[in-house]
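Below, chains carry the letters A, B, ... as their sequence lines are ordered, and counting in each starts from 1.
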Number of protein chains: 2
Amino acid sequence: MESLSIGQLAKAAQVNVETVRYYEREGLLPRPARRASGYRRYPSATVTRLQFIKRSKELGFSLKEIAELLALRIDPHSGCADVKRRAEAKLADIERKLTDLRRMRRALTQLVHDCGGEGPSSACPILDTLEGLR
Amino acid sequence: MESLSIGQLAKAAQVNVETVRYYEREGLLPRPARRASGYRRYPSATVTRLQFIKRSKELGFSLKEIAELLALRIDPHSGCADVKRRAEAKLADIERKLTDLRRMRRALTQLVHDCGGEGPSSACPILDTLEGLR
DNA sequence: CTTGACTCCGTACCCTACTCCGGGGTTTAT
DNA sequence: ATAAACCCCGGAGTAGGGTACGGAGTCAAG
């Protein structure tokens with residue numbers, strides 16, 4: 001424990017082995033150390049990195065955007081002010097998503113509440129709120 | 001005003017005309033009324049529906065999931081209890097996304113805060129939080 | 001009544017993000 | 001020491017979500 005094979009890593013993060021290699025090609029994962037045989041060896045922290053990528057995707061970020069998020073950590077080619085500016089832009093993104101999600105939640109909660117669970121759906125109050133969110 | 005051409009609709013909702021026709025094919029938009037010439041005529045409410053689809057995509061929902069969300073409104077083939085059950089499942093999805101987004105926001109806020117905006121990024125506190133979110 | 005912008009439809013093409021394949025070495029458990 | 005299971009790499013294939021094309025009809029302004 002401390003060094004994982006690509007298969008162990010993939011299993012731990014619940015992704016396909018091919019996906020791990022794909023992310024490496026795309027620069028989302030650093031090229032890992034290799035054994036004499038050429039086999040990749042990953043530090044166990046890579047699991048959380050993969051999970052981060054996965055969850056970010058579920059939140060509607062593209063791989064390119066995720067790469068940008070990851071790049072906010074260590075980038076010797078940009079000043080701190082630049083990092084700050086980019087982080088703020090991502091934050092704005094996130095705030096927008098949060099607002100939309102809360103609106104969606106509100107509409108659905110309303111639907112679940114109004115709908116007793118009995119009778120045909122034709123009797124269910126129609127949720128126009130869902131479309132008139134903005 | 002009250003009836004839009006496909007071009008007017010697309011412009012109002014900020015999407016491509018081809019996308020509108022694509023959504024129609026995929027069942028995300030109902031087939032609209034037609035003029036004698038065959039031209040599509042949309043009620044202006046379709047604009048908000050397109051915007052809903054757009055924002056839902058940005059939140060990481062697939063077109064299929066979005067169709068399911070839209071189907072929660074009017075579905076004569078399922079009882080109210082069923083609608084309720086599905087709405088609750090979507091709500092759970094949304095809660096998960098909200099939780100992840102808040103965690104992400106927290107990490108980025110921390111980064112922006114810690115980073116004064118001066119000096120090289122090497123001096124910037126590294127945001128390990130970003131990866132260790134869960 | 002003509003001209004430029006718009007629309008129709010079907011088909012083809014594109015990008016993203018994987019996912020699989022195949023021929024070949026490596027590790028590991030028995 | 002020999003399978004079974006794993007890993008290597010390059011390259012091809014796939015699904016989802018559009019986007020573009022092209023030939024033909026339509027509409028609105030001048």
S.K.: Please report, rounded to the nearest Å, how far the P atom of C/dC8 is from the CZ atom of B/Arg31.
M.R.: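 Rounding to the nearest Å, CZ of B/Arg31 and P of C/dC8 are 15 Å apart.
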
S.K.: Check whether any side-chain N or O of B/Arg40 sits under 4.0 Å from OP1 or OP2 of C/dT7, and answer yes or no.
M.R.: no

S.K.: For a quick check, tell me whether the side chain of B/Tyr39 and the base of C/dC6 share a donor-acceptor pair closer than 3.5 Å.
M.R.: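 Such a pair exists between side chain and base.
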
S.K.: Whole-Å distance between D/dT26 P and B/Arg35 CZ?
M.R.: 12 Å

S.K.: In whole Å, I'd like the distance from the CD atom of A/Glu65 to the C1' atom of C/dA17.
M.R.: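 Answer to the nearest Å: 14 Å.
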
S.K.: Calculate the interatomic distance between A/Leu4 atom CG and D/dC7 atom C1'; express it in whole Å.
M.R.: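 One finds 15 Å between C1' of D/dC7 and CG of A/Leu4, rounded.
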
S.K.: For A/Asn16 and C/dA17, is the shortest distance between a side-chain N/O and OP1 or OP2 below 4.0 Å?
M.R.: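 So the side chain of A/Asn16 is outside the cut-off, no N or O lying under 4.0 Å from OP1 or OP2 of C/dA17.
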
S.K.: What contact category does A/Arg21 fall into here, base, sugar-phosphate, or nothing, at under 4.0 angstrom with non-hydrogen atoms?
M.R.: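 Since a base atom lies under 4.0 Å of A/Arg21, the category is base.
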
S.K.: Indicate yes or no for a side-chain donor-acceptor contact from A/Lys97 to the backbone of B/Leu101 under 3.5 Å, with no hydrogens or angles considered.
M.R.: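 No, the answer is negative, given that no donor and acceptor are paired below the 3.5 Å cut-off.
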
S.K.: Looking at D/dG17, I'd like to know if its phosphate oxygens (OP1 or OP2) sit under 4.0 Å from a side-chain N or O belonging to B/Thr19.
M.R.: no

S.K.: Record whether the side chain of A/Glu18 comes under 3.5 Å of the base of C/dC20 through a donor-acceptor pair of N or O atoms.
M.R.: yes

S.K.: Calculate the interatomic distance between B/Lys64 atom NZ and D/dG18 atom C1'; express it in whole Å.
M.R.: 19 Å

S.K.: Separation of A/Leu28 atom CG from C/dT16 atom C1', in whole Å?
M.R.: 12 Å

S.K.: Within the 4.0 Å heavy-atom criterion, would you say A/Arg41 contacts the bases, only the backbone, or no part of the nucleic acid?
M.R.: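 If one applies the 4.0 Å heavy-atom cut-off, A/Arg41 turns out to touch nothing in the nucleic acid.
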
S.K.: What is the distance, rounded to the nearest whole Å, between atom CD1 of B/Ile53 and atom C1' of D/dG18?
M.R.: 13 Å

S.K.: Could one point to a donor on the side chain of B/Tyr22 or the base of D/dG16 with an acceptor on the other under 3.5 Å away?
M.R.: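 A donor-acceptor contact between them is absent.
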
S.K.: Thinking salt bridges, do B/Glu68 and B/Lys90 make one under a 4.0 Å N-O criterion?
M.R.: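 Answer for the salt bridge query: yes.
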
S.K.: Quick check on C/dT16: is either OP1 or OP2 less than 4.0 Å from any side-chain nitrogen or oxygen of A/Ser62?
M.R.: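 Checking A/Ser62 against C/dT16: no side-chain N or O falls below 4.0 Å of OP1 or OP2.
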
S.K.: So, the side chain of B/Lys54 versus the backbone of B/Val15: is there a donor-acceptor pair under 3.5 Å, distance only?
M.R.: no

S.K.: Look up atom OG1 in A/Thr46 and atom CD in A/Gln8, then write down how far apart they are to the nearest 0.5 Å.
M.R.: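 If I round to the nearest 0.5 Å, the distance is 12.0 Å.
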
S.K.: Which comes earlier along DNA chain D counting from the 5' end, the contact point of B/Ala36 or that of B/Leu63, where each point is its nearest nucleotide?
M.R.: B/Leu63

S.K.: Base of D/dG17, side chain of B/Tyr23 - is there a donor-acceptor contact under 3.5 Å?
M.R.: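 No, the side chain and the base share no sub-3.5 Å donor-acceptor pair.
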
S.K.: Between B/Lys57 and D/dG18, is there a side-chain N or O to OP1/OP2 distance below 4.0 Å?
M.R.: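 Checking B/Lys57 against D/dG18: at least one side-chain N or O falls below 4.0 Å of OP1 or OP2.
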
S.K.: Backbone N or O of A/Leu28 within a donor-acceptor pair of the A/Arg49 side chain at under 3.5 Å?
M.R.: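 Yes, A/Arg49 side chain to A/Leu28 backbone: donor-acceptor pair under 3.5 Å.
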
S.K.: OP1 or OP2 of C/dC8 versus the side-chain N and O atoms of B/Ser37: is any pair under 4.0 Å?
M.R.: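 Looking at the OP1 and OP2 atoms of C/dC8, neither is under 4.0 Å from any side-chain N or O of B/Ser37.
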
S.K.: Is it true that A/Asp100 and A/Arg96 have a side-chain N and a carboxylate O under 4.0 angstrom from each other?
M.R.: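 No, no charged N to carboxylate O under 4.0 Å.
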
S.K.: Measure the distance from CZ on B/Arg34 to C1' on C/dC6 and round it to the nearest whole Å.
M.R.: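 The answer, rounded to whole Å, is 14 Å.
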
